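Quick notes on the structure that follows.
Everything numeric in this text was worked out from a predicted model, so none of it was measured. Atoms within each ligand, like the ligands themselves, are counted from 1 in listed order.
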Amino acid sequence: MNQTVKQMTSFIVMDILERVEKMRAEGVSDIISMEVGEPDFDIPSSSKSAVEQALRRSNTHYTHSLGDEPLRQAICDLYRREYGVEVTSDRVMLTSGSSPAILMAMLLLCNPGDEVILSNPGYSCYANFVRAAHAVPVEVPVDAHTGFCYDVRELHSYITPRTKAIFVNSPMNPAGTLMSPEVMKEIASLGLPVVSDEIYHGLVYEGKAHSMLEFTDNTYVLNGFSKRFAMTGLRLGYMIAPQASMRDLRTLQQNLMICAPSLSQKAALAALNEALKEGGDAERMRHAYDERRRFLVPALRSIGFMIESNPAGAFYVFADARRFLNDSRFPSDCYGLALDLLEHTHVAVTPGIDFGSRGEGYLRFSYATSLENIQEAVRRLKDYLS
Ligand SMILES: Cc1ncc(COP(=O)(O)O)c(C=O)c1O
């Protein structure tokens, strides 16, 4: 077995998911899933029609390796509209989900033994993409009082001559917090390539998300259609990269992926042209998430969880459960607590440890489920915790 694969860590939440499936197979029918990071909505209606039409027209062949030109242009328009940045369509590459874009960014930027900076806690797959490029993930501890964002002064001590990139993710998974433009600017000024994961852009309820492109061109922006447009299974993402990297990225794409799925590209173009219109599907979904968030955050606080940093985006709340873990009536670690909650309340959540060692003590609640489900989950948690 390849050593790099062996080093990769698996998702602990998969244990929870497997347990959920087993319980359902045994006839437990009232499980409320708040562990998944996947929208509970259908894809936008315009995207559905676009796929049906594309299928009728047999648009089922390879596309240009970078993706369809009208879609790449629409992505440039989106970034101009939302962030006031000018990018040309030859800097945009469509990928099958944003995940392969992260992989290709790492393959492009790193030689074996190079280092890439990421936060702990943070999205746990980043470290595995770094390992896939035979590079070394360097974890920088972050915590609730900075909204789980880097303290740039501390960041300096993690940078070495081998550092080849730094990951940023705002709004961030697991905490839904936003990075301030001041911090983004400071990170940009470090002069390192910034891999900016903007997958939760468009799902912001307070404040404004900024693109790294507003601060530097030395950035590899990752984005996609999974979250904002509820298209997880259509597997469509993209990267906006510096002009000078496009030739190599294209070579990687041509060899490793060929191109992004053609039908999904049609769905994505319809999403950008139609679903984003005022009162359209994207706005409807965003409103629903915000309504859930406005209920969930105070409700979790009222039953004893601490939420120090404002979950202003994405669809997650990262709740500090240490008060319960220090109480002998409950398990003493977040994984045990998540399993115990599932067992006794039939509410599934993700243990914070899934996002790095510094996630211990936390539970991640996803509000990508109906308000009714969330209200019922809180009722059950309240009973269990008291
Ligand atoms: C922060 C973050 N980045 C990237 C992804 C991958 O998304 P996809 O490959 O569906 O575009 C996820 C999925 O949960 C995520 O949370």
- Message: Could you check whether any side-chain N or O of Ser370 sits under 3.5 Å from a backbone N or O of Asn373, counting only pairs where one atom can act as donor and the other as acceptor?
- Response: yes

- Message: Geometry only, no angles: is Arg235 polar-contacting ligand 1 at N/O separations under 3.5 Å?
- Response: yes

- Note on the structure: Separation between CG (Leu249) and CD (Gln254), nearest 0.5 Å, reads 11.0 Å

- Query: Do Arg380 and Asp30 meet the salt-bridge criterion of a basic N to acidic O distance under 4.0 Å?
  - Reply: yes

- ligand 1 versus Thr232: contacting region, heavy-atom distance under 4.0 Å: neither

- Message: Under 4.0 Å from a heavy atom of Asn173: which atoms of ligand 1 are those, numbered in the order shown and with their elements?
- Response: 1 (C), 16 (O)

- Query: Counting from 1, what ligand 1 atoms have a heavy atom of Ile199 closer than 4.0 Å?
  - Reply: 1 (C), 2 (C), 3 (N), 11 (O)

- Counting each atom of ligand 1 from 1 as listed, which ones have a heavy atom of Asp197 under 4.0 Å away? 1 (C), 2 (C), 3 (N), 4 (C)

- Around atom NZ of Lys48, are there more than 12 heavy atoms of other residues, nucleotides or ligands at under 6.0 Å? no

- Any N/O pair Tyr316/ligand 1 closer than 3.5 Å: no

- Item | Donor-acceptor contact present, side-chain Ser386 to main-chain Lys382, <3.5 Å | yes

- CZ/Arg292 to CE/Met34 distance, rounded to the nearest 0.5 angstrom? 9.5 Å

- Got the closest protein heavy atom to atom 5 (C) of ligand 1, with its distance? Tyr123 OH, 3.5 Å

- Atom indices of ligand 1, in the order listed, that fall short of 4.0 Å to a heavy atom of Ser226: 8 (P), 10 (O), 11 (O)

- Query: What do you reckon, does Glu38 put a non-hydrogen atom under 4.0 Å from ligand 1?
  - Reply: no

- Query: To which of Ser99, Gly97, Pro174 does the heavy atom nearest atom 9 (O) of ligand 1 belong?
  - Reply: Ser99

- Looking only at protein heavy atoms, what sits closest to atom 7 (O) of ligand 1 is Ser98 OG, 3.4 Å

- Task: Quick one: look up the protein heavy atom nearest atom 14 (O) of ligand 1 and list residue, atom name and how far away it is.
- Result: Lys227 NZ, 2.7 Å

- Message: Counting only heavy atoms, tell me which of Tyr200, Phe355, Tyr126, Phe167 gets closest to atom 16 (O) of ligand 1.
- Response: Tyr200

- Can you tell me if Ser366 uses its side chain to pair, donor with acceptor, with the backbone of Val36 under 3.5 Å? yes

- Message: Working note: Val168 + Asp197, criterion side-chain contact (heavy atoms from CB on, under 4.5 Å); need CA distance, chi angles, decisive distance, verdict.
- Response: CA-CA 6 Å; Val168 300; Asp197 185 345; over 6 Å; no

- Item | Derivation of the side-chain contact (heavy atoms from CB on, under 4.5 Å) call for Tyr79 and Val92 | CA-CA 11 Å; Tyr79 268 75; Val92 180; over 6 Å; no

